[in-house]
Undergrad: 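Below are the structure tokens for one structure; questions will follow.
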Amino acid sequence: MVASEAAPFAKTGGLADVVSALPRALARFGHAVDVVIPRYRGITTGERLGHVTVPDVDGPIDVSIDAVEHDGVRTLFVDHPGYYDRPHLYGVGNDDYADNAARFACLARAAIAWGAAAPEPYAVVHAHDWQAGLVPVLLRRGGGVGALRDAAAIFTIHNLAYQGLFDASWLGRLGLDADLVHMSALEYWGRISFLKGGIVFSRFVTTVSPQYAREIQTREFGFGFDGILRSRAHDLVGILNGIDYDHWNPARDPYLSVPYDASRLDGKDAAKRQLLELVGLPAGDDDRCRPLVGLISRMVDQKGFDLLAELADELPRLEASCVLLGTGERRYEDLWRDVAARYPDRIAVRIGFDEALAHRIEAGADLFLMPSRFEPCGLNQMYSLRYGTVPVVRATGGLADTVRDVDAATGEGTGFTFAEASAAALLAALRRALARYRDPAAWRRIQLAGMRQDFSWDASARQYAALYERAYNK
Ligand code: ADP
């Protein structure tokens, strides 16, 4: 596997969790997996294995390959300090590093060069997101030799919004074939896209939920790539991410003072009281009867913060309290700080990244809100289900695949969903959930149905393994 992030070595988002958990699950089934990522600043582990020479902007360069092994998975670090020994992974703030095309071309080339020279053949090369998009391209353009001779390329899109777009002149500067600037290759509206390279040159393309795999073939969700993805519809597969139940399990969560599970839910009441006290909301007996809505998110439009903003005066007037944790766009941070100051008895807001508080919200809230405009997979709704915290979500992408809307007549379901990306639809779903909350027996059924769901990595890894078999045997 080739990627720009893998936990615990380098992480800015969900990609790092996948590139860490998936190889471990595959290893448990007996597969041998090497993961290749850059040696960024701060990665101090790893023994030197050797070197490879790869083409670069000013001629060939020598890069080192280091390795560390954990849980049956070997992680290889591509060491080239000029490219990777920097304060951040991709750039400073919203400004990408100007040489990202060269930095990630180097990653792909080093992975391919090292792989080809390996003593044992590889069956599959699995590249993730645009940063590894050149891997399938190189494999087909001369890299498929030695131990990579029979290797099939799989490419996974974790978020289509990031496309690795660069000036077409990079192709020549990087010494890549000039004919790749073509509609059927890397060209994208006069520029080149590493993401497109991954999509076009791989045997199979996957994305992180079945519903998102369908959505990205439409104009609304395709970010301009819907046509390219439709042309690969037969080889495009959605495989839901798993979640890490070692880390997100209310029965063994070190951040909770009273553990709980489906058979003893009183720990959840303790968690609610603790959370209310922690964030400074009223926590008396009457106050604890009021439903508590949790939200943990990047504060950006993708996550529905524009819809939420329209409800800034509505939310505090509901028969509920809310606790929001997140960072993101300044205007949303300011808005919610201001709302919390105006309604201190109903709304608590924490701006920042806080793992401990995230666990305490998942456990202590009664409902979890995720009104995303688009959501490739989403993790928090799956954590919420396991914690008996009923999700209220927009039915898009992985949210639609994981949350079953409660049927008004039968009461069957695991959460509350809404279809239209509007504040009114969000509010209607939330009101539906709050009405249901007043019936404790009905609510308990919804909680327990959610807690019984299984989103472990084993199921996802089996689907990837089956896809690898198909790719390899073609
Ligand atoms: P995305 O990767 O698009 O941001 P996901 O739902 O797939 O959304 O994953 C987000 C992950 O980051 C979750 O594990 C969530 O709990 C965590 N997270 C997001 N914001 C914060 C925050 N402010 N503090 C702690 N954890 C956060």
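These figures come from a predicted structure and were not determined experimentally. In listed order, ligands and their atoms are each counted from 1.
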Undergrad: Can you figure out which of Tyr383, Phe374, Phe353 has its heavy atom closest to atom 12 (O) of ligand 1?
TA: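 Among Tyr383, Phe374, Phe353, the closest heavy atom to atom 12 (O) of ligand 1 belongs to Phe353.
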
Undergrad: Hey, are Lys303 and Glu375 close enough for a salt bridge, meaning a charged N less than 4.0 Å from a carboxylate O?
TA: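 The answer is yes: the pair qualifies as a salt bridge.
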
Undergrad: Below the 3.5 angstrom mark, is there an N/O of Arg298, backbone or side chain, next to an N/O of ligand 1?
TA: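 By distance alone, the answer is yes.
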
Undergrad: Identify the closest protein heavy atom to atom 2 (O) of ligand 1: which residue and atom is it, and at what distance?
TA: Gly14 N, 3.9 Å

Undergrad: Should we count OH of Tyr343 as having more than 12 external heavy atoms under 6.0 Å?
TA: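 Buried by this count: over 12 neighbours within 6.0 Å.
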
Undergrad: Should the ring pair Tyr260 and Tyr387 be called parallel, tilted or perpendicular, given that the plane angle runs from 0 to 90° and is split at 30 and 60?
TA: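 Taking Tyr387 first and then Tyr260, their aromatic rings stand perpendicular (interplane angle over 60°).
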
Undergrad: Any N or O of Asp354 that comes nearer than 3.5 Å to an N or O of ligand 1?
TA: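 It does: an N or O of Asp354 is found under 3.5 Å from an N or O of ligand 1.
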
Undergrad: Are any of the N/O atoms on Asn380, whether in the backbone or the side chain, positioned under 3.5 angstrom from an N/O atom of ligand 1?
TA: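 Right, the criterion is met.
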
Undergrad: Within the 4.0 Å heavy-atom shell around Gly326, which atoms of ligand 1 are there?
TA: 23 (N)

Undergrad: Is it the side chain, the backbone, both or neither of Ile296 that has a heavy atom closer than 4.0 Å to ligand 1?
TA: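 Only the side chain of Ile296 comes within reach of ligand 1.
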
Undergrad: Does Gly378 have a non-hydrogen atom less than 4.0 Å from ligand 1?
TA: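 Flag set, Gly378 near ligand 1.
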
Undergrad: Students should be able to answer this: which protein heavy-atom is nearest to atom 11 (C) of ligand 1, and at what distance?
TA: Leu379 CD1, 4.4 Å

Undergrad: Going by the closest heavy atom to atom 8 (O) of ligand 1, which one wins out of Met299, Gln302, Lys303?
TA: Lys303

Undergrad: If you measure every N/O of Ala358 against every N/O of ligand 1, is any gap under 3.5 Å?
TA: no

Undergrad: Under 6.0 Å from the CZ atom of Arg273, do we count more than 12 heavy atoms belonging to anything else shown?
TA: no

Undergrad: Taking the basic N atoms (NZ, or NE/NH1/NH2) and the acidic carboxylate oxygens, is any pair closer than 4.0 Å for Asp354 and Arg350?
TA: no

Undergrad: Would one find an N or O of Gly352, backbone or side chain, under 3.5 Å from an N or O of ligand 1?
TA: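 Yes, at least one N or O pair falls under 3.5 Å.
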
Undergrad: Over 60° means perpendicular and under 30° means parallel, so classify the ring planes of Phe374 and Phe223, tilted if in between.
TA: perpendicular

Undergrad: Regarding Asp405 and Arg432, does a basic nitrogen lie under 4.0 Å from an acidic carboxylate oxygen?
TA: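 A salt bridge is present here (some side-chain N lies under 4.0 Å from a carboxylate O).
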
Undergrad: Under a 4.0 Å N-O cut-off, is there an ion pair linking Asp287 with Lys272?
TA: no

